[in-house]
Each structure stands twice: as C-alpha cells, then as structure tokens.
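The structure appears below as structure tokens.
The structure displayed is predicted, hence computed values, not measured ones.
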Amino acid sequence: KEQKDLQSCKSIISELEVHEDAWPFLLPVNTRQFPTYKKIIKKPMDLSAIKKKLDDNLYKTREEYCEDLRLMFNNCETFNEDDSPVGKAGHNLRSFFETKWNEHF
Ligand SMILES: Cc1ncccc1N[C@H]1CCCS(=O)(=O)C1
C-alpha cells in the first residue's frame, strides 16, 4: 500500500544521497556559478528538493517521486556533456536509481 511505497521512496533517496556519484545532485545547481542554467533548465530539481517534498508529504504517488528523479537526471543530460565529470556521474547515478526502483517495485 502507499505506506510501504513511502518507506521505499525514503530508503532509495537515502541510498542515492550517500552514493559516490551523488555530489553534483546534493543541492540545487548554483545559478551564480552557472549563469545560463536558469535559461536552459526550465524545472530545476535536486536530491535535497526531492527529500524535502517527501518529508513534507507532497508526493501523492511513487510515480510523482520517480518523475522528479528522472527530471533531475534529464536536466543533467541537457546541460552536461556525457563525458564530463557531472555528465558521467549523472549516468551512473541514474543507472543506480533505476536498479533500486526495479528492486522495490
Ligand atoms: C547537476 C549539475 N548540472 C549542471 C551544472 C552543475 C551541476 N552540478 C554542480 C553541483 C555543485 C558542484 S559542481 O558545481 O561541481 C556541479
């Protein structure tokens, strides 16, 4: 039921947060450091924002949660070269996430 879904979503994001390739995603992208980011990426998303939405009970379904994680990874692919350090971390963390997602659901 939904209660178990919430536990699974919390468990997955806790594992993502400590993953060695999570460093680009722990906090919102700094738009002073990356001035073009706001123009290119219409809906910024990061692990701290997702964690807060989970804790504030803002996800109606596990699908909404999954959508925000995929938005975060797609934003990363839009802005970063695949062979850049951030781009590579994004591909690695996405693969780790999708595996966890399939384990739980
Ligand atoms: C996910 C992302 N997309 C585009 C640009 C930057 C980032 N992440 C940054 C987060 C802070 C550290 S960093 O500045 O090296 C990388």
Side-chain angles (χ1 to χ4, degrees):
K1 281 293 294 150
E2 284 70 34
Q3 183 52 30
K4 273 190 287 180
D5 286 0
L6 183 62
Q7 282 167 0
S8 287
C9 290
K10 287 187 171 183
S11 161
I12 290 169
I13 196 136
S14 296
E15 292 186 82
L16 292 176
E17 285 173 333
V18 298
H19 192 286
E20 76 168 290
D21 291 319
W23 56 271
F25 310 102
L26 296 174
L27 294 172
V29 174
N30 185 324
T31 51
R32 291 194 309 283
Q33 204 175 339
F34 300 91
T36 61
Y37 196 80
K38 277 176 96 75
K39 183 68 185 158
I40 295 165
I41 300 301
K42 300 309 176 191
K43 291 171 67 182
M45 188 50 63
D46 72 281
L47 294 174
S48 72
I50 296 168
K51 178 79 175 298
K52 187 167 188 315
K53 284 176 76 171
L54 261 183
D55 292 341
D56 296 350
N57 215 14
L58 294 180
Y59 292 118
K60 271 172 53 60
T61 66
R62 69 189 197 214
E63 295 304 331
E64 282 182 13
Y65 160 88
C66 186
E67 233 171 85
D68 268 353
L69 275 158
R70 288 173 177 160
L71 168 64
M72 181 184 82
F73 292 123
N74 292 341
N75 288 344
C76 184
E77 285 206 48
T78 299
F79 195 85
N80 301 283
E81 297 290 335
D82 288 336
D83 62 359
S84 66
V86 173
K88 275 184 284 193
H91 287 298
N92 290 348
L93 199 68
R94 182 203 290 272
S95 173
F96 180 78
F97 164 68
E98 296 295 346
T99 299
K100 288 290 160 186
W101 185 254
N102 291 331
E103 279 171 14
H104 284 261
F105 302 113

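- Nearest heavy-atom pair across Leu26 and Glu17 is CD2-O, 3.7 Å.
- Remark: the backbone N or O of Ser48 is paired with a side-chain donor or acceptor of Asp46 at under 3.5 angstrom.
- Interatomic distance, Phe73 CZ to Thr78 OG1, rounded to the nearest 0.5 Å: 13.5 Å.
- Atom NE2 of His19 and atom CG of Asn92 lie 6.5 Å apart (nearest 0.5 Å).
- The minimum heavy-atom distance linking Ala89 with Asp21 is given by the pair CB-O, 3.6 Å.
- Within a 6.0 Å sphere centred on CD of Glu81, other residues, nucleotides and ligands contribute 12 heavy atoms or fewer.
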(request) Just do the side chain to side chain contact (heavy atoms under 4.5 Å, CB included) check on Lys52 and Leu58 with the steps written out, would you? (result) CA-CA 9 Å; Lys52 187 167 188 315; Leu58 294 180; over 6 Å; no

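- Between Glu67 and Arg70 there is no salt bridge, since none of the side-chain N atoms of the basic residue sits less than 4.0 Å from a carboxylate O of the acidic one.
- In terms of hydrophobic clustering, with Ile, Leu, Val, Met, Phe, Trp and Tyr side chains grouped at heavy-atom distances under 4.5 Å, Ile12 and Leu6 are assigned to a common cluster.
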(message) Test side chain to side chain contact (heavy atoms under 4.5 Å, CB included) on Leu16 and Leu69; report intermediate values, then the result.
(response) CA-CA 10 Å; Leu16 292 176; Leu69 275 158; 3.7 Å; yes

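- Note that NZ of Lys4 and CD of Glu2 are 10.5 Å apart. Values are rounded to the nearest 0.5 Å.
- Side-chain contact check for Trp23 versus Pro85: some heavy-atom pair is nearer than 4.5 Å.
- For the pair Lys10 and Asp55, the minimum side-chain heavy-atom distance is below 4.5 Å.
- The nearest pair of heavy atoms linking Trp101 to Cys9 is CZ3-SG, 4.4 Å.
- Residues Thr99 and Glu103 meet the side-chain proximity criterion, which asks for heavy atoms closer than 4.5 Å.
- The two residues Ser84 and Gly87 come nearest to each other via the heavy atoms OG-N, 2.9 Å.
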(message) Checking Ile50 against Ile13 for the side chain to side chain contact (heavy atoms under 4.5 Å, CB included) test, could you report, in this order, the C-alpha distance in whole Å, the side-chain angles of both residues, the deciding distance, and whether it holds?
(response) CA-CA 8 Å; Ile50 296 168; Ile13 196 136; 3.3 Å; yes

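- The shortest heavy-atom contact between Phe25 and Val86 is CZ-O, 4.4 Å.
- Contact annotation: the side chain of Ser11 approaches that of Glu15 to within less than 4.5 Å [non-hydrogen atoms, C-beta and beyond].
- Interatomic distance, Asn74 CG to Met45 CE, rounded to the nearest 0.5 Å: 12.0 Å.
- Ion pairing of Arg94 with Glu77 is present here, as a side-chain N (NZ or NE/NH1/NH2) and a carboxylate O approach within less than 4.0 Å.
- Within a 6.0 Å radius of NZ in Lys42, other residues, nucleotides and ligands contribute more than 12 heavy atoms.
- Nearest heavy-atom pair across Phe105 and Ser8 is CZ-CB, 3.5 Å.
- Atoms CG and NZ, on Asp83 and Lys88 in that order, are 6.5 Å from each other to the nearest 0.5 Å.
- Transitive grouping of hydrophobic side chains (ILVMFWY, heavy atoms separated by less than 4.5 Å) keeps Leu47 and Val29 in distinct clusters.
- No donor-acceptor contact under 3.5 angstrom links the side chains of Asp5 and Tyr59, judged on distance only.
- When the side chains of ILVMFWY residues are joined at heavy-atom separations under 4.5 Å, either directly or via intervening members, Leu54 and Leu71 end up in a single hydrophobic cluster.
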